[in-house]
Number of protein chains: 2
Amino acid sequence: MNDHSTPILASQGTPCLLVDEERMERNIARLRDRLRAAEVAFRPHLKTAKSWEVSRLLMTTPQGPATVSTLREAEELAAHGVKDITYAVGISPDKLTRVQKLRAGGIALTILLDSVEQALAVAKASDPKDPIPVLIELDCDGHRSGVKPQDATLLAAIAQALAPRARLEGVLTHAGESYEARGSEALSAAAEQERAAAVMAAETLRAKGWPCPVVSVGSTPTAFSAQSYAGVTEVRAGVFVFFDLVQAGIGICTQDDIALSVLTTVIGHQREKGWTIVDAGWTALSCDRGTATQNVDQGYGLVCDLEGRPITNLIVTIVNQEHGIVAARQGTPRSDQEFPIGTRLRILPSHACATATQHDRYHVIGAGQSDVTAVWPRFTGW
Amino acid sequence: MNDHSTPILASQGTPCLLVDEERMERNIARLRDRLRAAEVAFRPHLKTAKSWEVSRLLMTTPQGPATVSTLREAEELAAHGVKDITYAVGISPDKLTRVQKLRAGGIALTILLDSVEQALAVAKASDPKDPIPVLIELDCDGHRSGVKPQDATLLAAIAQALAPRARLEGVLTHAGESYEARGSEALSAAAEQERAAAVMAAETLRAKGWPCPVVSVGSTPTAFSAQSYAGVTEVRAGVFVFFDLVQAGIGICTQDDIALSVLTTVIGHQREKGWTIVDAGWTALSCDRGTATQNVDQGYGLVCDLEGRPITNLIVTIVNQEHGIVAARQGTPRSDQEFPIGTRLRILPSHACATATQHDRYHVIGAGQSDVTAVWPRFTGW
């Protein structure tokens, strides 16, 4: 047991998920200040947090606006009084019953799609007295889903298929490929590509007579790198609330900004291999290897002491279900530090969304890094 | 919507976890029959299932024996009347309070350790009127934790440190490296190495006067490959209950034995890339890439139709949080099959333990592959 620790954090059962409230609030303030200065609205993505308490701090009002990745998140937020929600994953027709139930309950829920097929299904299901608001998803960088922003024919066909029973609200894009950008120039270029794609598609639709009031962009790397938001009406971002080693590798934050960690306990050693074995495996850390393709491979997480200070070159190199193997990063000298059985360590996550998903609650730690000041439940499932 | 389906499975909300009860029961019978014929006891590992209903089918009696990977599993099983449980992850001293609480409740809970340091802590915490039973973990193949089986000095030192307050019950090993074995000869050799290591260590301890009644071995590949269990008193295995693509790649099962799948819905396309986009991302499938180093890389899972028939060469190639990208396996021709928006597909898991962990319940499907006959909750957390 570490002498510097107070009993409260040090006696917490492990593994468990910690959130450093001070760092989290600093991260939130950083983006909110930036967007306020740029006079663009903020619609935080709550898929990383999946917690009412964190959502409250992220949203600019207790009623929203908010972005979610599952209808479960929308339902949980609605139960807490959030009124303005965008479900930012392409809709399948069978989910429209839940969408309509939320809307009937007074939630301004907007959905996303990128095909005429979906638009026809939404129009068919929509009540003309309460047309479902729809954003067309754009593919600004080849990352995933979406209409190519220059595909005027498809954009118009989708708008046409929605009318008049559903309502075209605007366009939405996510620069997922910005995760591969390195350096401020490339990051700004990714942000500009995202902005230009959204604005171009909106202008195309407006020229064809569709009002298209919403122009929504966002990803954590681009939200912090855009030089202009001209024509953009709202920005979405999620993982920045906690940040993680992937974002630090991209250069969007430093390791000192990472607000999430997994508390773990040393349960063994293989000294001749330089291994310390801890009780955080992939059930606690996730199998995410997001830094594997970055300059510095952080394995399944960077090891810190109980107070959250990174321990030079020690990472989780292997994960099994309930075991993590802590060792020196490849190509670095083996550590001569000994962590006796029972030592508490903290692991900074490779990908905060993935690590948080493995847990059903947050243990909130205060500025002294020694007390658990609150326990916040997480939403799970779909 | 698929014409062959009945409404019940086809109308299930997605993503969700399916278990094919018939395949599962066949898998269980296969190992139980094998071990019964070999006259060796079976102590199923319940870390894959984490469900009372599945555990009941796995265990040879409703009271056990059972193996678990977390104390939470032990507590859940104890609440269902299981009496004989081995917690097969190295103990840390802070967890002994929960161990003792279970033991005080009448549970024969045995713990694991591989150091004098842990043995002294267990002896100190143990009540001489109810000595905690302990297995010494052995490292039979360099996979993870454990004492080298030939390290007679350390084995004796641990036994000595436990006495007399705690009770040395025996030895336990897990041939984790058997996952890398290919071909029946290599698999049998891995099983023999596991058996020989455990028996050697037990004999060493007995020669020094420690009774060592339990000799416990197990992993799914070795449990199905051992030619001899001479000297072994019990076998543990877990993932075989569902099997998965990793086990099929090792050759321990066929794809037709895989009892677990994730039901998903098509939500989009990028046709020029040959992509079908589904609503099962890493939250539903996990990020596990266990087949990446095997002969056939199955990505994040093999795609099947709603009835569970694999679709030649289609796998999940990319996962984001709530999106899976389905495409032809690299080096194979692009599929010309079109899956309209709303089509239901099933994904066979790379690693069943990891995929199951992402869900809080099983949807049990009957032999017709069309009805959800039951919903079984899963244990979560630690």
Side-chain angles (χ1 to χ4, degrees), chain A residues 1 11 13-16 47 69-71 89-95 98 113-115 117-118 121 137 139 142-146 176 265-270 273 275 277 279 281-284 286-289 318 320-323 325 340-342 351 353-354 357-361 380-382, chain B residues 1 11 13-16 47 69-71 89-95 98 113-115 117-118 121 137 139 142-146 176 265-270 273 275 277 279 281-284 286-289 318 320-323 325 340-342 351 353-354 357-361 380-382:
Chain A
M1 209 54 55
S11 65
T14 60
C16 72
K47 78 182 180 76
S69 66
T70 62
L71 289 174
V89 173
I91 196 75
S92 60
D94 63 291
K95 294 193 176 84
R98 286 169 73 189
L113 51 76
D114 66 355
S115 68
E117 203 173 352
Q118 286 163 300
E137 184 170 15
D139 177 15
H143 178 65
R144 189 168 64 200
S145 308
T265 302
V266 172
I267 60 169
H269 303 89
Q270 290 287 15
K273 293 178 178 169
W275 288 3
I277 299 170
D279 69 355
W282 53 252
T283 60
S286 92
C287 309
D288 194 280
R289 287 287 286 109
I318 296 171
N320 298 154
Q321 185 155 349
E322 299 295 343
H323 297 79
I325 294 180
I341 295 281
H351 182 183
C353 308
T357 292
Q358 304 299 99
H359 298 261
D360 67 359
R361 71 197 74 174
T380 57
W382 295 270
Chain B
M1 209 58 49
S11 66
T14 60
C16 73
K47 78 181 181 78
S69 67
T70 61
L71 289 174
V89 173
I91 196 75
S92 60
D94 63 290
K95 294 194 176 82
R98 285 168 75 189
L113 51 77
D114 66 356
S115 67
E117 206 173 347
Q118 286 163 300
E137 184 170 15
D139 176 17
H143 179 65
R144 190 165 65 198
S145 308
T265 301
V266 173
I267 59 168
H269 302 89
Q270 289 290 13
K273 292 180 179 170
W275 286 3
I277 299 170
D279 69 355
W282 53 252
T283 61
S286 92
C287 309
D288 193 282
R289 287 286 286 105
I318 296 173
N320 298 155
Q321 186 155 348
E322 299 295 344
H323 298 79
I325 295 180
I341 295 280
H351 182 183
C353 307
T357 292
Q358 304 300 98
H359 298 262
D360 67 359
R361 71 198 73 176
T380 57
W382 293 269

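Chain identifiers are assigned alphabetically (A, B, ...) following the order of the sequence lines, protein sequences preceding nucleic acid strands; residue numbering begins at 1 within each chain.
- In this structure, A/Q321 CD and B/C353 SG are separated by 5.0 Å, a value rounded to the nearest 0.5 Å.
- At least one side-chain heavy atom of A/W282 sits less than 4.5 Å from a side-chain heavy atom of B/T357.
- When the candidates B/G381, B/P93, B/A354, B/G268 are compared by the number of heavy-atom contacts under 4.5 Å with chain A, B/A354 comes out ahead.
- Residues forming a side chain to side chain contact (heavy atoms under 4.5 Å, CB included) with A/C16 (at least two apart in sequence, or on another chain): A/Q12, A/L18, A/L263, A/H363.
- In terms of heavy-atom pairs under 4.5 Å with chain B, the best-connected choice from A/R289, A/H143, A/R98 is A/H143.
- The CD1 atom of A/I277 lies 10.5 Å from the OG atom of B/S115; values are rounded to the nearest 0.5 Å.
- The CG atom of A/D279 sits 7.5 Å away from atom CG of B/D94, with the distance rounded to the nearest 0.5 Å.
- We find the CD-OG1 distance between A/E322 and B/T70 to be 6.0 Å, quoted to the nearest 0.5 Å.
- B/W382 CH2 to A/Q358 CD: the interatomic distance, rounded to the nearest 0.5 Å, is 7.0 Å.
- The greatest number of non-hydrogen atom pairs below 4.5 Å with chain A, out of B/H323, B/K95, B/E117, is found for B/H323.
- Per-residue counts of heavy-atom pairs under 4.5 Å with chain A were compared for B/T265, B/T283, B/D114; the largest is that of B/T283.
- For the options B/G13, B/G142, B/A121, heavy-atom pairs under 4.5 Å to chain A are most numerous at B/G142.
- Taking B/V266, B/I325, B/N320 one by one and counting their heavy-atom pairs under 4.5 Å with chain A, the maximum is reached by B/N320.
- Contact tally against chain A (heavy-atom pairs below 4.5 Å) for B/R144, B/K273, B/Q270: the top residue is B/R144.
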